[in-house]
2 protein chains.
Amino acid sequence: MTRGSAPFAGQQALPGGYVHTDEDQDTEATARRVLLEKLGLRDILCEQVATFSSADRDPRGWSASVTYFAVISLQDFESVDQATNLKWVPLTNPGKLAFDHAEICQHVHRRIQSKAIYSTLPAWFLPKHFTLAELRQTYERLSGQSLNDSAFRRKVRELDMLAEVEGAKSKDTARPAQLYRLKEAKLTDFDRKI
Amino acid sequence: MTRGSAPFAGQQALPGGYVHTDEDQDTEATARRVLLEKLGLRDILCEQVATFSSADRDPRGWSASVTYFAVISLQDFESVDQATNLKWVPLTNPGKLAFDHAEICQHVHRRIQSKAIYSTLPAWFLPKHFTLAELRQTYERLSGQSLNDSAFRRKVRELDMLAEVEGAKSKDTARPAQLYRLKEAKLTDFDRKI
DNA sequence: ATAATAGTGTCTTTCAGACAGTATGAT
DNA sequence: ATCATACTGTCTGAAAGACACTATTAT
């Protein structure tokens with residue numbers, strides 16, 4: 001978002017805000033409040049990344065930021081009110097950002113990249129129902145490595161992470177594809193690569 | 001350590017301290033300062049775990065703790081001044097602790113367990129020089145799974161993580177074992193299990 | 001020599017990748 | 001029919017586990 005006030009006024013920065021100790025139970029509640037207030041998003045995947053602190057990351061003095069990443073689907077992305085001064089940038093190349101926010105992006109990118117093939121994380125970038133091809137492509141883009149289609153289907157079956165959406169088929173391709181949804185309503189980790 | 005003052009006076013708690021914004025560059029510097037002041041330890045492996053926060057984890061009001069775990073060898077352990085009121089407890093069963101420190105231990109345990117087989121972390125629990133048997137046993141204890149000795153040696157070789165300590169042999173066993181040291185002076189991650 | 005642990009070589013099993021082949025819809 | 005993509009089955013190669021075997025020291 002474009003910063004309205006000093007320091008770094010006019011520059012791009014990640015959305016954030018101060019903890020309101022009177023209303024926020026913890027820092028995750030703060031993150032979710034900011035997501036709702038600034039972006040109108042609620043009930044989305046949101047996970048703590050790390051705490052960035054130092055004497056000089058903010059010219060006003062010593063500071064610490066507890067950072068979270070949130071994942072939304074393309075659908076949620078399109079529903080975000082475009083009247084906000086929100087600007088979307090690629091995580092891998094966010095351009096110049098205020099404070100140490102570029103470093104934070106790098107950290108988040110590494111986290112997502114390393115977590116992608118060990119969890120259901122990529123599925124959260126998709127709508128509730130998706131095809132196996134879409135899921136595999138998302139795994140590939142997030143992890144940065146290409147996956148064998150046949151082996152991917154085998155592992156998805158073995159990990160027992162998806163449920164068929166009865167009778168639902170994608171119509172986007174030559175042959176309609178079965179639609180699936182995550183079995184678990186939360187992010188689950190695997191003990192091996194997908 | 002045993003807490004000297006309220007809240008939770010007399011109870012066991014993890015060593016910690018407030019950030020001194022005038023002398024600590026960041027929270028890791030705070031962690032290292034506390035390690036030095038309270039335990040006399042310096043230059044040890046120390047990594048951020050997560051930030052624990054909530055309105056009720058401290059009866060005095062809303063609070064946040066940026067937590068770190070530190071790893072020392074048995075040798076360092078024995079050099080810690082036993083005059084401090086430090087008490088060592090198993091991470092898996094720390095007993096009753098002040099604040100949410102038991103929860104923090106659980107979190108650290110999960111972190112170490114999941115990181116063990118994907119990094120050189122276990123080697124940091126050992127002295128600078130160690131045998132392959134010692135290293136494998138440490139991997140086994142930290143990860144909670146037994147490892148095949150032959151495969152372990154193969155992977156250690158492939159990962160190119162160790163260097164022989166020329167002419168140095170352990171004398172603890174029937175046949176003396178070659179001593180090794182880590183090639184890298186820092187924690188390195190693997191992209192597969194050891 | 002025997003015991004005990006270190007270290008090696010090889011066989012077997014398991015798992016991931018390749019890829020051919022079939023299935024199902026649109027044109 | 002043919003094209004395009006979905007999905008399946010099977011072969012192959014690589015990696016992990018099992019385990020027998022040799023090596024080196026102490027007793």
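This one's a predicted model, so the numbers in the text were calculated from it and none came from an experiment.
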Rounding to a whole Å, what distance do you find between Lys171(A):NZ and dT24(C):P?
-> 15 Å

Can you tell me the distance, in whole Å, between the CZ atom of Phe130(A) and the C1' atom of dA6(D)?
-> 16 Å

Between Phe125(B) and Phe130(B), does the ring centre distance come in under 6.0 Å?
-> no

Hey, does the side chain of Asp24(B) reach the backbone of Asp26(B) with a donor-acceptor pair shorter than 3.5 angstrom?
-> no

Starting at atom NZ of Lys193(A), determine the distance to atom C1' of dG17(C), rounded to an integer number of angstrom.
-> 14 Å

Could you go step by step and tell me if Glu158(B) and Arg192(B) meet the salt bridge (Lys or Arg N to Asp or Glu O under 4.0 Å) rule?
-> CA-CA 11 Å; Glu158(B) 285 167 4; Arg192(B) 59 169 183 172; 2.6 Å; yes

Pairs under 3.5 angstrom, nitrogen or oxygen only, protein versus nucleotides 7-13 of chain D, please.
{"unit_1": "dC7(D)", "atom_1": "OP1", "unit_2": "Gln178(A)", "atom_2": "N", "d": "2.9"}
{"unit_1": "dC7(D)", "atom_1": "OP2", "unit_2": "Arg153(A)", "atom_2": "NH1", "d": "3.3"}
{"unit_1": "dC7(D)", "atom_1": "OP2", "unit_2": "Arg153(A)", "atom_2": "NH2", "d": "3.4"}
{"unit_1": "dC7(D)", "atom_1": "O5'", "unit_2": "Arg153(A)", "atom_2": "NH1", "d": "3.3"}
{"unit_1": "dG9(D)", "atom_1": "O6", "unit_2": "Ser150(A)", "atom_2": "OG", "d": "3.0"}

With a 4.0 Å cut-off on heavy atoms, is Arg136(B) in touch with a base, just the backbone sugar-phosphate, or nothing at all?
-> nothing

For Arg192(A) and dA14(D), what is the distance between atoms CZ and P respectively, to the nearest whole Å?
-> 20 Å

Starting from P on dA6(C), measure out to CZ on Phe152(B) and report it in whole angstrom.
-> 12 Å

Just wondering, are more than 12 heavy atoms of other shown residues or ligands nearer than 6.0 Å to CG in Asp43(A)?
-> no

Atom CD of Gln145(A) and atom P of dA16(C): how far apart are they, to the nearest Å?
-> 13 Å

Pairs under 3.5 angstrom only: tabulate donor-acceptor contacts from the side chains of residues 168-182 of chain B to other protein residues two or more places apart or in another chain.
{"unit_1": "Ser170(B)", "atom_1": "OG", "unit_2": "Asp172(B)", "atom_2": "N", "d": "3.3"}
{"unit_1": "Thr173(B)", "atom_1": "OG1", "unit_2": "Arg175(B)", "atom_2": "O", "d": "2.9"}
{"unit_1": "Gln178(B)", "atom_1": "NE2", "unit_2": "Val165(B)", "atom_2": "O", "d": "2.9"}

May I ask you to decide if Thr2(A)'s main-chain N or O and Asn85(A)'s side chain share a donor-acceptor pair within less than 3.5 Å?
-> yes

Separation of dA18(C) atom P from Leu147(A) atom CG, nearest Å, is 11 Å

Pick the nucleotide of DNA chain C nearest each of Ala174(A) and Ser146(A); which residue has the one closer to the 5' end?
-> Ser146(A)

Ignoring backbone atoms, test whether Asn148(A) places a side-chain nitrogen or oxygen under 4.0 Å from the OP1 or OP2 oxygen of dA16(C).
-> no

For Glu140(A) and dG17(C), give me the distance from atom CD to atom P, rounded to whole Å.
-> 11 Å

Inspect the contact between Arg111(A) and Glu47(A) and indicate whether a charged nitrogen and a carboxylate oxygen are less than 4.0 angstrom apart.
-> yes

